[in-house]
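I have placed the structure first, in the form of structure tokens, so that the comments after it can refer back to it.
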Amino acid sequence: MNRFYQLVVLIILNFGVAHANVQPSMLDYSYCGYHQSETAIPNAKNVIFVGNKSGDNYQRIQNAVDYVSGLKPNKKTGLRGSVLIGDGIFEISQPIRISASGVIIRGSGREKTIIRKMGVDRGAAVYIEGKNDLKVIDTLDIVTPYVAVNAHQFAVSRGGALKKGEDVMIFRPSTKEWIQSVKCNIFGGGLDWLGWKPTDIDVNWSRTIVAADGNNVTIDAPITVALDKKWGDCKVLRYKWNGRISESGVENLTIESDYDKKYPKDEDHCWNGIYISAAKDCWVRQVYFKNMAGSAVIVQRTGQQITVEDCISYNPVSEIGGFRRCTFYTLGEKCLFQRCYSVKGINDFCAGYCAAGPNAFVQCDSQESLGFSGSISSWATGLLFDIVNIDGNDLKFTNLGQDKFGAGWNTANSTFWQCTASELYCSSPADDAKNYAIGCWGQFEGDGEWSESNNHVQPRSLYYDLLKKRLGHDIDAQSHILPRNTDASSNPSLEEAARMAQEALTKPRLTLEKWIKDATFTASVSPLGLKSVENTKDDLTSAEVKHSFGVKNGKLLMDDMLIVGGKHNTPWWAGRIKDNWLSQASYALTRFVPGREGYGLTDNIDSVVAQMKRENTSVFSQNYGLWYDLRRDDHERIRRRDGDVWAPFYEQSFARCGEGTAWDGLSKYDLNKLNKWYFYRLKQFAQKGENNGLLLFNEHYFQHNILEAGAHWVDCPWRTVNNINNTGFPEPVPFTGDKRLFMAEYFYNENDSIRRALHKNYIMNILDQFADNPNVIHSIGEEFTGPLHFVRFWVDCVREWEQKTGKRPLIALSVNKDVQDSILCDKERSKVIDIIDIEQWLYHSKGLYAPDGGVNIAPRQFLRKARLGSIRFEDVYRSVLEYTTKYPDKAVVYYAQKFPEMCWAVLMAGGSCPAIPVSDKTFLRDIAKMKPVVNNTVNATDCYQLVEERTGTVLYNNSDKQAKVALPSGKYIVSSVNTQTGYIKARGTITIKNGIYTTSDKGLVWLKRI
């Protein structure tokens, strides 16, 4: 070869060329965004104006949104109109919700209109949220043996079932065999608990049928993972989704979160700017975000074809840890994030768990990134990162292994195009699931498909090149690509060098941040001629129903009716956030999953209240979590290397201080500062529960942290290394047998001056939180088996608080029997107690089970040692009756073994909160006045009676034998009560003349005196 050409080749190999034209064979990502980028975002007309006012503007803005929501949509465009918000700062106490199609919130300018979310709620400032009422109506098999990536066509089992224009879901299962093929069943250590399980990684794509010819169908957008019959049967699901909304958006304003300026890592404030769910063909454009802890924009799995463009996120405020600062985040599909800029995010541009794809991030830059961008969870396939520049951190298409709770492969069939990062990870999980990195700059790792590294390539934007080819026309105005001169030679002439030097001196580099700020907003922002929000009516919500709660006649009552129903114990550890697990979850008040709302995630309080009412559950028993970070589910005692905590988070009742580093990698706790969000959520429930006749049983402590497994303690806020309060617990921790824990002696030592002050302040602060909530019951702690001296201390703190405030909260005594009896025999301390909770002891067929308190044994450890007999009706009756008789002014509840099965025994012994299914108000009001009568039967030992002479009696015959009971003479309405359903059936009236009533029926009879 000629030496000149050899030199040219050598230069090209070592330094690259200015432009390489690349035509890779990969997925067509161009179907993302509003109407798949086939039409521009519309400029809807303004229909109502909201001018600035001081104070809370929530209701005014929501009224305007609701007004537009009530207008008829344009038949052609689907638009109803825009709410135009004027100049100024608009503080809102609650989030604004767009729940109808065709509604737009528009500011008068990105730096003119500022919506500032106030308060400690960690949700979003604005929701674009339809109703997730998708209902599958038919299922068809995909019979094509192999449908390749990027395919639009395949055959189904029943020709003619699908129609052109119909929306469908394409379902791909995650089988055991497929999981093993990509080596995600186990990530190391010989343990598979973090590995993928069948159904974990099922994918559902939402598509539209564009052609149906017999059994062959064509869909509107490609699939992002091959459908291979050897890995399981794929399906087409026909569905109806009436509640999904479209054609709505937020634009041309700033959304910011208020926060506590004293704490630069404060997390008790608004986490997300805009939350999009159950929505299609919606948008966010030209919006600035400030101070968010979570995401500027988050699109849920039920969101699709969303465009987010020309947006900037500044000054996120949060801990530096997992599930925080996921700035521009999609769990949905066919979403387009373009020209977005993020400062100090952790995962600045990211896709989440099983985001179906395709999803595209086009022309996005970060500044001072604190974590990687890419997919941050499992199998978010079909991602395009196109001209994405990550400052100071990485881009990852790779196997994340056990990180992020066993994320494993985070993507497939994804592409980095002309991106820069500190390091780019690009690996491929399978031959037909390849990942690409083309024209990228940085350090490199992985066995993916690399091409033209450290070189500029053409076209500049892959997304817009694919879109142009698909649409067949020019799209330059739509793409709005920031111009970047890539023609500079590594060996310029003198003239070229002089020109380039002059440009460097006189022409500042055009940044994406400035490019976004200079973008023109083309829609109208004129308020002239618009209806004013002041001319709309406030939404007249139904008046709250206030109930009275208290102990009367030795019963726990609401409005003079006995409170009945089950008890729900809050979940306090474990859990998952994978969709297939959520149906197994239990609802909670203080479980937190950032950016995810709904059952098993961050539960909606109204939904919790509604479910409790449906289930006949009257008591929510609350305690703080065993540990905050789900990583600790491994029960290891090691210090974590960083704060990359895993959700769901089981919140502690204490707040972090933003200083130092705790064992879990986040900042340390301040035991003198309550977790504002934790108590905000509990107070929300208490207020809504009061309106609905529900009780909050608030446990001050959770003993599980200080006994049994050593892992229970290592992340505990009280542990010396985890707080700034110098609690004085021993370090290193003296684990027994190098794994077990006995920290109760230290914890319950109220004579230690530091811990005594901390305990007292904590107890007082909790009582302050619920000072005006009559339906909150305070108890010393969940699983409490502690010593008498600490219970005395706790009761004394409560008594001191009562004396200071003049208030009288409901106080339950939930302790071992010996401790319980000691407190109840103490004349002064007994006055503080309203409710006796039988939970740590009981009678059974062999006698009394009553382990001593204060001996460093947990409840389940006691039970393992015990040899209990059967627990019968008469045993539970005896347990309750013993205390209702001895302490007639106090309510007695029973939550020991055989709760709730023995609910009728609790009732007949005069107990409170029995889990009986009766809802009849007259029955509950009458029975609240009755007392148990002992030895009142003439010829039966299994008949139990409650009586109040002026009201009547209730009889429970626990056998098939005839029973005769003494009863005051008079006239009665006789009703039978179905003990399974609570149904009350009137049987007629009788007159008692001889003082004796005879019954032969097994079960419950109610005789109401008339």
Side-chain angles (χ1 to χ4, degrees), residues 25-40 75-78 134-173 202-229 231-242 244 246-247 279-281 302-307 332-336 356-360 381-382 384 413 432 463-473 475 478:
S25 175
M26 58 179 67
L27 184 66
D28 185 348
Y29 303 97
S30 72
Y31 293 83
C32 300
Y34 176 77
H35 285 283
Q36 299 181 355
S37 293
E38 294 172 6
T39 184
K75 291 182 180 180
K76 183 177 180 181
T77 66
L134 183 148
K135 182 179 180 181
V136 175
I137 58 174
D138 194 9
T139 301
L140 291 78
D141 293 327
I142 294 177
V143 297
T144 304
Y146 186 86
V147 183
V149 173
N150 215 33
H152 289 248
Q153 294 180 324
F154 48 80
V156 295
S157 55
R158 286 186 280 118
L162 299 172
K163 307 298 181 185
K164 180 179 179 180
E166 181 177 1
D167 289 338
V168 297
M169 304 288 287
I170 311 297
F171 167 76
R172 179 187 186 273
D202 293 352
V203 178
N204 288 283
W205 293 274
S206 180
R207 296 294 185 263
T208 301
I209 303 297
V210 295
D213 182 11
N215 286 19
N216 297 313
V217 296
T218 304
I219 53 177
D220 63 329
I223 58 168
T224 58
V225 182
L227 309 181
D228 192 336
K229 205 165 183 61
W231 301 130
D233 293 329
C234 300
K235 310 284 184 182
V236 174
L237 310 178
R238 301 177 62 220
Y239 67 86
K240 290 184 178 180
W241 197 345
N242 297 327
R244 182 170 60 185
S246 63
E247 306 297 337
K280 180 180 180 180
D281 293 324
T302 53
Q304 58 178 290
Q305 295 179 194
I306 309 297
T307 290
E333 57 177 312
K334 294 179 284 182
C335 295
L336 172 63
N359 288 293
T381 57
L384 172 63
N413 301 311
D432 63 351
Y463 183 82
Y464 279 106
D465 184 66
L466 293 170
L467 181 63
K468 180 178 180 179
K469 290 174 180 176
R470 179 165 67 87
L471 300 184
H473 61 72
I475 42 85
Q478 185 177 349

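Leu471 approaches Ser37 most closely through the heavy-atom pair CD1-O, 3.9 Å. Of all heavy-atom pairs between Ala360 and Cys32, the closest is N-SG, 3.8 Å. For Pro358 against Pro222, the heavy-atom pair with the smallest separation is CD-O, 4.3 Å. Here the shortest heavy-atom pairing between Cys335 and Gly303 reads SG-O, 4.3 Å. Nearest heavy-atom pair across Tyr29 and Tyr463 is O-CE1, 3.1 Å.
Within the 4.5 Å cutoff, the side chain of Ile170 has heavy atoms near those of the Leu227 side chain. The side-chain heavy atoms of Arg238 and Lys163, taken from C-beta on, include no pair separated by under 4.5 Å. Contact check for Leu162 versus Val236: side-chain heavy atoms found under the 4.5 Å cut-off. Within the 4.5 Å cutoff, the side chain of His473 has heavy atoms near those of the Ile475 side chain. A 4.5 Å side-chain heavy-atom check between Ile219 and Ile209 finds at least one atom pair inside the cut-off. Taking 4.5 Å as the limit, every side-chain heavy atom of His152 sits out of range of all side-chain heavy atoms of Val210. Side-chain contact between Leu237 and Asn204: present, with at least one pair of heavy atoms (C-beta onward) separated by less than 4.5 Å.
Going from atom CG of Leu466 over to atom CG of Leu384 covers 7.5 Å, rounded to the nearest 0.5 Å. Between the CG atom in Asp28 and the CG atom in Asn150 there is a gap of 6.0 Å [rounded to 0.5 Å]. Interatomic distance, CD of Gln153 versus CD1 of Ile223, reported as 12.0 Å (0.5 Å rounding). Interatomic distance, CZ of Phe171 versus OG1 of Thr139, reported as 9.5 Å (0.5 Å rounding). Note: Lys229 NZ to Ile142 CD1 = 8.5 Å, rounded to the nearest 0.5 Å. Between the OH atom of Tyr34 and the OG atom of Ser246 there is a distance of 8.0 Å, given to the nearest 0.5 Å.
Using modelled atom types and a 3.5 Å distance limit, the side chains of Lys334 and Gln305 yield a donor-acceptor pair. For the 3.5 Å distance criterion, the side chains of Glu166 and Tyr239 fail to qualify, holding no donor opposite an acceptor.
Stacking of Arg207 on the aromatic ring of Tyr31 is not recorded, the 6.0 Å distance cut-off and the 45° axial limit not both being met.
Judged by distance alone, with hydrogens and angles left aside, the side-chain atoms of Asp281 form a donor-acceptor pair with the main-chain N or O of His35 at under 3.5 Å. Side-chain N or O atoms of Thr381 include none that pairs as donor or acceptor with a backbone N or O of Gly357 at under 3.5 Å. Side chain of Asp167 to backbone of Thr208: no donor-acceptor contact under 3.5 angstrom is found. Listed for the Thr144 side chain is no donor-acceptor partner under 3.5 Å among the backbone atoms of Phe154. Counting only distance, with no hydrogens or angles, the side chain of Glu333 and the backbone of Trp205 share no donor-acceptor pair below 3.5 Å.
Checked for salt-bridge contact, Asp202 and Arg172 miss the test: no charged N lies under 4.0 Å from a carboxylate O.
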* Candidate pair Asp141 and Lys235, rule side chain to side chain contact (heavy atoms under 4.5 Å, CB included), full reasoning -> CA-CA 5 Å; Asp141 293 327; Lys235 310 284 184 182; 2.4 Å; yes
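Shown here is Lys240, whose NZ atom has no more than 12 heavy atoms of other residues, nucleotides or ligands within 6.0 Å. Heavy atoms of other residues, nucleotides or ligands lying less than 6.0 angstrom from CG of Asp432 number more than 12.
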